[in-house]
There are 2 protein chains.
Amino acid sequence: MQKIISSPDRYLHVQCSDCPIRHRAVCARCDDDELQLLEEVKFYRSFEAGQTIVWSGDRMDFVASVVSGIATLSQTMEDGRRQMVGLLLPSDFVGRPGRETAAYDVTATTDMLMCCFRKKQFEDIMLSTPHVGQRLLEMTLDELDAAREWMLLLGRKSAREKLASLIAIIARRDAALKLMQPEGQVSFDLPLSREAMADYLGMTLETVSRQVSALRRDGVIEIKGKRHVTIPDFDRLIEEAGDDQDGGFLT
Amino acid sequence: MQKIISSPDRYLHVQCSDCPIRHRAVCARCDDDELQLLEEVKFYRSFEAGQTIVWSGDRMDFVASVVSGIATLSQTMEDGRRQMVGLLLPSDFVGRPGRETAAYDVTATTDMLMCCFRKKQFEDIMLSTPHVGQRLLEMTLDELDAAREWMLLLGRKSAREKLASLIAIIARRDAALKLMQPEGQVSFDLPLSREAMADYLGMTLETVSRQVSALRRDGVIEIKGKRHVTIPDFDRLIEEAGDDQDGGFLT
DNA sequence: GCATGCAATTGATCTAGGTCAAAGAATCCA
DNA sequence: TGGATTCTTTGACCTAGATCAATTGCATGC
């Protein structure tokens, strides 16, 4: 059985009986019977780091919630230029009810566990419980907001602002998983390689590396090893990111 | 009464009794009674060129379909940097059922007429007719695909490819409205100023102008006056745009 | 006809970020 | 313990596109 948990971000979360994490709720308004229905048809799949989960254009016959690990959504041009268009962190939902095929490559960047539902079964549940569909619409609108905020980043921000924005987003998501607000000093591991960050930010890995160094030199972030980041002052970081509103819809 | 018309693009269109254009169907699967319901609550609003329809963060208590004219969705940073995140052409739908406020500035770039529904009433119709909600989910997924394809453009394409992509998209939309496929020679008016294009493409108006000149010099496009474009060979244009798949979800 | 005003073009520079190349670090095996 | 591999940093240079600054070309009104 699942249990609904309120959280400080705009999502409700659902605790599955045997998933260690809280999923962003697809079914925050479901009653116990409906939750039971989802429980019964769910199954788990695991993927290895580096493995491509689906290729753009492939049939994708399941939808899923990330239990652990990180995956990326990306598009690639024939000549190899790549742009990440989304990041899947624990609790995120993937899949497109009503769509036959995947629109992007989905690639595991770490080992992953996903809590899956057969698409057909999930769609049936959507039909019989309209608020699941509504919730999905809301989630899709959130993703759309995130994508459009990212368009502002890609089109108009400087390399330094881009880096600061990415770090802020990861910090926020990390805090949200712990049901906290990011404030004052924050600490976490970067889930992405420099190359993956570059693909996300529309720049080269060298520029990413230089900007990481610059932000460290200027005391905006502290780095231990390659991936562990400490943010001494979250507000300072937000300022560097150039965001007008502190909230932000970015995933 | 509205009448459903099939079209060559992926959308079904609905012809309202007294709108001269076909709306992208919000209700392609509605029966006559349901269509009647929408007919009864619809109303019209017009806006002047340059007028801001809603500001980001404002209450927006209606949803609408564009009848005539063009509007843009954009985000602006405090220092004035602006990024367009969407383009509203005749037949497009605007609005966010289930959301209180607008997420972006919506600005009319020409005089406009919109066919509106009070949000509350529209939401009620969504509740009583689930497939309206489903259709809306599909449309939102389309918009998400478009936004993500645009992310690839903003992050990874050269100025020339960006320009070619934008022209191709406008040509496709223009053809779709006429229920045609863009093929061979195509001709239409650019609905945007050089500055608006620049805001859409994440570059400066000077660079837009230079690339327009370059594409003309190279025979990819022909220009009469400032705005009228003829594309002698649509496939050539697509090639210049660097798109791997010819389809494209872009709005 | 001639001023006024705006959108668009074009030219001359400048620079942020890309490209190419060479070292470090960290991790993994054997 | 010592390659081998992979990720990251740093440096030197270059270029696409930004910036700054004139024009040019149309409209509009007088």
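Values in this document were obtained by computation on a predicted structure and should not be read as measured data. These numbers come from the heavy atoms of this one structure, side chains and all, not from hydrogens, waters or symmetry mates. Here is the naming used below: chain letters follow the sequence lines, and residue numbers restart at 1 for every chain.
The base of C/dC20 is paired with the side chain of A/Glu206 by a donor and an acceptor separated by under 3.5 Å.
One atom, CZ of A/Arg227, and another, C1' of D/dT9, lie 14 Å apart when rounded to the nearest Å. Atom-to-atom, CG of A/Asp189 to C1' of D/dT8 comes out at 16 Å; the value is rounded to the nearest Å. Between A/Lys162 atom NZ and C/dA16 atom P the separation is 14 Å, expressed in whole Å. Counting to the nearest Å, the C1' atom of D/dT19 and the CZ atom of B/Arg210 are 9 Å from each other. Summarising the geometry, the separation between NZ on A/Lys226 and C1' on D/dT9 is reported as 9 Å, rounded to the nearest angstrom. Note: CZ (B/Arg194) to P (C/dA8) measures 5 Å, nearest angstrom. A/Met203 places its CE atom 17 Å from the P atom of D/dG17, with the value rounded to the nearest Å. The distance from atom CG of A/Leu201 to atom P of C/dG17 is 12 Å, rounded to the nearest whole Å.
Checking B/Lys157 against B/Ser165 by side-chain atom types alone, a donor-acceptor pair falls below 3.5 Å. A side-chain donor from one of A/Thr230 and A/Ser187 sits under 3.5 Å from a side-chain acceptor of the other.
Heavy-atom minimum distance, B/Pro90 versus B/Gly69: CD-O, 3.5 Å.
Comparing A/Val212 and A/Arg156 along DNA chain D, the residue whose closest nucleotide (by nearest heavy atom) sits nearer the 5' end is A/Val212.
Looking at heavy-atom distances under 4.0 Å, A/Thr204 makes contact with a base.
Within 6.0 Å of the CD atom in B/Glu195, the count of heavy atoms belonging to other residues, nucleotides or ligands does not exceed 12. The environment of CD in B/Gln185 is crowded: more than 12 heavy-atom neighbours from other residues, nucleotides or ligands sit within 6.0 Å.
Residue A/Ser209 places none of its side-chain N or O atoms closer than 4.0 Å to OP1 or OP2 of D/dT10. Contact between the side-chain N/O atoms of B/Thr207 and the OP1/OP2 oxygens of D/dG17 is not found at any separation under 4.0 Å. One finds a side-chain N or O of B/Ser213 lying less than 4.0 angstrom from the OP1 or OP2 phosphate oxygen of C/dT10.
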